[in-house]
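Note sheet for the following structure.
Chain identifiers are assigned alphabetically (A, B, ...) following the order of the sequence lines, protein sequences preceding nucleic acid strands; residue numbering begins at 1 within each chain.
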Amino acid sequence: MRYFLDNRKRIIITDIGKVNLGHIFENGQCFRWNKAETGNYIGVVNEKVLELSETENEIIIENISMNDFEKYFIEYFDFNTDYSAIIKSIENLDEYINEATQFGYGLRMLNQEPFETLISFIISANNNIPRIKNTIEKISIQYGKFIMDYKGKSYYGFPTPYELSKASLEELRELGLGYRDRYLIDTTKKVIEEGIDLQEFKKMSTKEAKRKLIEFKGVGNKVSECVLLFSLEKYDVFPIDTWVKKILEYFYKNEVEKYDSPETFLKNYFELNAGYAQQYLFYYARENKIGG
DNA sequence: ACTCAGGTATTAC
DNA sequence: GTAATACCTGAG
């Protein structure tokens, strides 16, 4: 990876292989990035508003400083990870993962903020993406800090636990969260009252961090693993959602049956890069409507 | 009217 | 431990 400022003070990132912003932002790992009419993606991250555009092998970032980029966003975009090495380690396992990695070229696993990720994936349960994005946006407008007006739209950061603790059940119900509203209240209350710093979970083993996450209401196996994978740097988990379930059923059925559980199969099969493999498989399955 | 959407909590064996 | 069932909401 190489980066520099161009003559318009935009940050240019190159030497990261073939680029595809859609494969980063449309694969279900994040909910606060939107495609503008220009085709560029605008997102709110770490109380900054960023605009990304792409060429075949460059990502171009506008509206943040070089200092912010180096201090926060290199890690957020996982720019120091060599994806060609990850792909190489899993692509020859079978034809399906090979197709999936080719299909999802340019995909990157974002390192997201844990509280935002936890709340977002609690909302995601038994829900659909447009509604998930919409309610997260409403929560940010209502309880998060105003950041700036940018190209005709006002942007708000995702609320901190303290900011979200100001929300009442009645208020949340009006945002269209459905029955998940009380999970948000419970989770925020637990974080505040017990003084939980989710960043600390990064230091725990995957198993221990997962055990702690499942203590939150509305957090089960799948949601906890999404939080581990997308915000706590645990790449050995493999969230099994409806799409991955279909893949296991339609493509890996015979293999899975040799093990005592799908989880055991996945851990043995994909090993340390299970989380990356999951992301390619999920994206490929959903975009191509495998089994559906 | 009815199903579906990145599942989880609760209840009942 | 595991299987069955209810669950907010609104778009299609």
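- Remark: C1' of B:dT8 and CG of A:Asp181 are 14 Å apart, rounded to the nearest angstrom.
- What separates CG of A:Asn127 from P of B:dA9 is a distance of 15 Å, to the nearest Å.
- For residues 230-239 of chain A, the set of pairs meeting the side chain to side chain donor-acceptor pair (under 3.5 Å) definition, not counting sequence neighbours, comprises A:Asn111-A:Tyr235, A:Thr206-A:Asp236.
- Looking at heavy-atom distances under 4.0 Å, A:Glu225 makes no contact with the nucleic acid at all.
- Relative to the six-membered ring of A:Tyr143, A:Lys166 misses at least one condition, a distance below 6.0 Å or an angle of at most 45° to the axis.
- Taking for each of A:Val219 and A:Arg131 the nucleotide of DNA chain B with the nearest heavy atom, the 5'-most of the two is the partner of A:Arg131.
- Comparing the P positions of C:dT5 and B:dT3 gives a spacing of 14 Å, expressed to the nearest Å.
- Spacing between atom CG of A:Asn221 and atom C1' of C:dG1 amounts to 14 Å, rounded to whole angstrom units.
- Atom CG of A:Leu118 is separated from atom P of B:dT8 by 12 Å (rounded to the nearest Å).
- Among the atoms of the strands shown, none is found under 4.0 Å from any heavy atom of A:Arg286.
- In summary, the aromatic rings of A:Phe121 and A:Phe230 are positioned with their centroids under 6.0 Å apart.
- Neither side chain, A:Tyr280 nor A:Glu91, offers a donor N or O lying under 3.5 Å from an acceptor on the other.
- As judged by a 4.0 angstrom heavy-atom cut-off over every strand, A:Phe121 is placed among the base-contacting residues.
- Within 4.0 Å (heavy atoms only), A:Gly178 reaches at least one base atom of the nucleic acid.
- Contact of A:Tyr179 with B:dG7 (side chain to base): a donor-acceptor pair of N or O atoms is detected under 3.5 Å.
- Heavy-atom distances to DNA chain B give each of A:Phe216 and A:Asp241 a nearest nucleotide, and the one nearer the 5′ end belongs to A:Asp241.
- Using a 4.0 Å heavy-atom criterion, one finds that A:Gly28 contacts the bases of the nucleic acid, with or without backbone contacts as well.
- Atom C1' of nucleotide B:dT3 and atom CG of A:Asn126 are separated by 12 Å, given to the nearest angstrom.
- Among the protein residues, A:Asn134 comes within range of no part of the nucleic acid, since none of its heavy atoms lies under 4.0 Å from any strand.
- When heavy atoms are screened at a 4.0 angstrom cut-off, A:Gln29 is found touching base atoms of the nucleic acid.
- The two atoms that bring A:Ala274 and A:Leu266 nearest to each other are CB-O, 4.5 Å, heavy atoms only.
- Between A:Tyr269 and A:Tyr252, the distance from one ring center to the other falls under 6.0 angstrom.
- Nucleic acid contact class of A:Leu177 (heavy atoms, under 4.0 Å, all strands): base.
- Base pairing analysis places B:dC4 opposite C:dG10; the two distances defining the Watson-Crick or G-U wobble pair are each below 3.5 Å.
- The distance from atom CG of A:Leu172 to atom C1' of C:dC8 is 13 Å, rounded to the nearest whole Å.
- Rounded to an integer number of Å, the gap from CD of A:Glu174 to P of C:dG10 is 12 Å.
- Taking atom P in both B:dT10 and C:dC8, one finds a spacing of 12 Å when rounded to whole Å.
- Residue A:Tyr283 is classed as having no contact, given no heavy-atom separation below 4.0 Å to the nucleic acid.
- As a whole-Å value, the separation of A:Arg173 CZ from C:dC7 P is 12 Å.
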